Amino acid sequence: MKHLIDPMDLTVEEIDQLIELGSKILENKEKYQEVCRHKSLATLFFEPSTRTRLSFEAAMLELGGNVLGFSSANSSSAQKGESVSDTVRTVSNYCDIIAMRHPKEGAPLVASRKIDVPLINAGDGGHYHPTQTLTDLMTIYQEKGHFDNLTVGMCGDLKFGRTVHSLIKAMSRYENVRFVMISPEELKLPEYIVKDVFEKKNIQFTEVGTMEEVMPELDILYMTRVQKERFFNEQDYIRLKDSFILDPEKLVNAKKDLCIMHPLPRVNEISTRVDDDPRACYFKQVRYGKFIRMALIMTMLGVKLNED
Ligand code: CP
């Protein structure tokens, strides 16, 4: 694995291996605390982030490695007009692996072509966010123990939500997974996903306008934020932003072992009154994200514990 740009760059077997390693690290973190000694990770974030950047940095530090980087384009020479490719090529001389986020779709792919160290796409505009998909899969595996035979509800911004698109593609590779799409008309899943994934693979899916009508069927409820930064028109954002708000009343008929996920950050779409419900998995998801990134860094650097 040289670079990771699109979650579908990973085979099902590679994902299984990463989840297995991530789970081992989670169970026995101390054993891995020196495996990346003398290795450095650069986090190049041209767009804001809390979880992705800091979990990458925590992951590398907990593996015994070092971190360097910047958290906004304004604090790098991008501000002076330097190209993304030149910035990444420069930083590749100072580190062993790069995690990069950029608002422009395709920027990490272009940057990866000029460097000899592995690059991980940490989110490129509305395109891909492969380590979020790995985080989501790790969460489903930890909470459910399997990927097959699940009914997955996805709610909110299904049009611009890169995490939704990637998770649909990743989950579509498992047996007997059913999808339920819950969104306002304007934020429906793009037609190309319906055609390329659901229709091509003959996967069952339904589209509904309320979460209450499907709540009893769901094994996973994946909530998403309506993303202000993806709208061209603020009026549309204001009209749609509070379309779906999950609260305890809407969970009355949900399964006892429903797993409620959200890539975070949330704005209003999950009431804080849901946070103490044992079915709320979104902060566990944050934690799993660090362990799967530890597994990914180790795998991409080719480092191992002798016993693994
Ligand atoms: N889920 C996620 O990508 O969060 P951040 O934008 O805070 O990194």
Side-chain angles (χ1 to χ4, degrees), residues 50-51 132-133 135-147 149-168 170-172 176-190 193-194 198 203-228 230-231 236-289:
T50 297
R51 277 146 294 274
Q132 183 62 50
T133 308
T135 298
D136 298 341
L137 292 171
M138 171 91 171
T139 304
I140 293 170
Y141 182 77
Q142 287 288 329
E143 297 300 313
K144 293 283 172 197
H146 59 93
F147 297 114
N149 305 313
L150 293 171
T151 299
V152 182
M154 298 187 146
C155 180
D157 175 6
L158 309 184
K159 180 177 178 183
F160 297 110
R162 61 188 173 195
T163 61
V164 167
H165 303 167
S166 295
L167 187 58
I168 287 173
M171 287 295 287
S172 73
N176 193 30
V177 178
R178 217 185 119 226
F179 294 90
V180 183
M181 301 294 137
I182 311 156
S183 73
E185 189 61 30
E186 294 91 332
L187 295 178
K188 272 172 68 171
L189 197 67
I193 304 264
V194 174
F198 295 149
I203 292 171
Q204 266 196 65
F205 87 103
T206 45
E207 289 179 307
V208 296
T210 69
M211 50 178 117
E212 291 91 320
E213 65 193 281
V214 289
M215 194 63 85
E217 304 165 29
L218 303 181
D219 299 301
I220 309 277
L221 174 57
Y222 194 92
M223 297 295 298
T224 61
R225 174 175 67 97
V226 175
Q227 301 174 88
K228 188 175 183 185
R230 310 280 177 231
F231 279 79
D236 286 346
Y237 167 71
I238 290 167
R239 186 167 51 81
L240 294 170
K241 71 184 172 68
D242 291 330
S243 296
F244 294 95
I245 299 178
L246 181 65
D247 57 29
E249 292 70 36
K250 295 199 178 81
L251 286 167
V252 166
N253 292 321
K255 288 185 180 172
K256 297 282 172 259
D257 63 349
L258 172 70
C259 173
I260 305 166
M261 298 171 62
H262 192 310
L264 303 181
R266 78 171 145 189
V267 184
N268 284 328
E269 58 279 2
I270 303 181
S271 160
T272 53
R273 290 187 299 131
V274 176
D275 293 357
D276 292 331
D277 188 307
R279 295 168 290 190
C281 294
Y282 31 94
F283 287 109
K284 288 191 204 172
Q285 198 175 344
V286 169
R287 184 163 178 269
Y288 296 136

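These values consider heavy atoms only, across backbone and side chains, with no hydrogens, waters or symmetry-generated copies. As the structure is a computational prediction, the values presented were derived from the model and not from experiment.
R273 pairs by the side chain to side chain donor-acceptor pair (under 3.5 Å) definition with E249, not counting sequence neighbours. For E212, there are no side chain to side chain donor-acceptor pair (under 3.5 Å) partners at least two apart in sequence or on another chain.
Q132 places none of its side-chain heavy atoms less than 4.5 Å from the side chain of R162. Two residues are said to be in side-chain contact when any heavy atoms from C-beta on lie closer than 4.5 Å; F179 and M171 meet this criterion. Side chains of R225 and P265 form a contact here, defined as non-hydrogen atoms less than 4.5 Å apart. L189 is not listed as a side-chain neighbour of F205, based on a closest heavy-atom distance of 4.5 Å or more. For the pair K255 and D219, the minimum side-chain heavy-atom distance is below 4.5 Å. At a threshold of 4.5 Å between non-hydrogen side-chain atoms, the residues H165 and P190 count as touching. With a 4.5 Å cut-off on side-chain heavy atoms, K144 and C259 count as touching. Contact of the L167 side chain with the L137 side chain is registered, since non-hydrogen atoms from C-beta on lie closer than 4.5 Å.
Here the closest heavy-atom approach between residue S271 and residue P248 is recorded as OG-CD, 4.5 Å. Considering all non-hydrogen atoms of both residues, A254 and L258 come closest at CB-CD2, 3.8 Å. Listed here is the closest heavy atom pair of E217 and E213: OE2-O, 4.1 Å.
To the nearest 0.5 Å, atom CD1 of residue I245 and atom CE of residue M223 are 8.5 Å apart. Taken from CG in D247 to CG in D277, the straight-line distance is 11.5 Å, to the nearest 0.5 Å. Annotation: the span from R287 atom CZ to T139 atom OG1 amounts to 11.0 Å, rounded to 0.5 Å. Atom CG of L246 is separated from atom CD1 of I270 by 6.0 Å, given to the nearest 0.5 angstrom. D157 CG to E186 CD: the interatomic distance, rounded to the nearest 0.5 Å, is 11.0 Å. Here L221 contributes atom CG and M261 contributes atom CE; the two are 10.0 Å apart, rounded to the nearest 0.5 Å.
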- [ ] Kindly determine whether K284 and Q142 satisfy side-chain contact (heavy atoms from CB on, under 4.5 Å), including the steps that lead there.
- [x] CA-CA 10 Å; K284 288 191 204 172; Q142 287 288 329; over 6 Å; no
TODO: Could you please spell out the steps behind the side-chain contact (heavy atoms from CB on, under 4.5 Å) verdict for L251 and M215?
DONE: CA-CA 7 Å; L251 286 167; M215 194 63 85; 4.2 Å; yes
TODO: May I have the step-by-step check of side-chain contact (heavy atoms from CB on, under 4.5 Å) for F244 and V226, ending in yes or no?
DONE: CA-CA 9 Å; F244 294 95; V226 175; over 6 Å; no
TODO: Determine, stepwise, if the pair V164 / Y222 fulfils side-chain contact (heavy atoms from CB on, under 4.5 Å).
DONE: CA-CA 8 Å; V164 167; Y222 194 92; 4.2 Å; yes
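Listed for the Q285 side chain is no donor-acceptor partner under 3.5 Å among the backbone atoms of T135.
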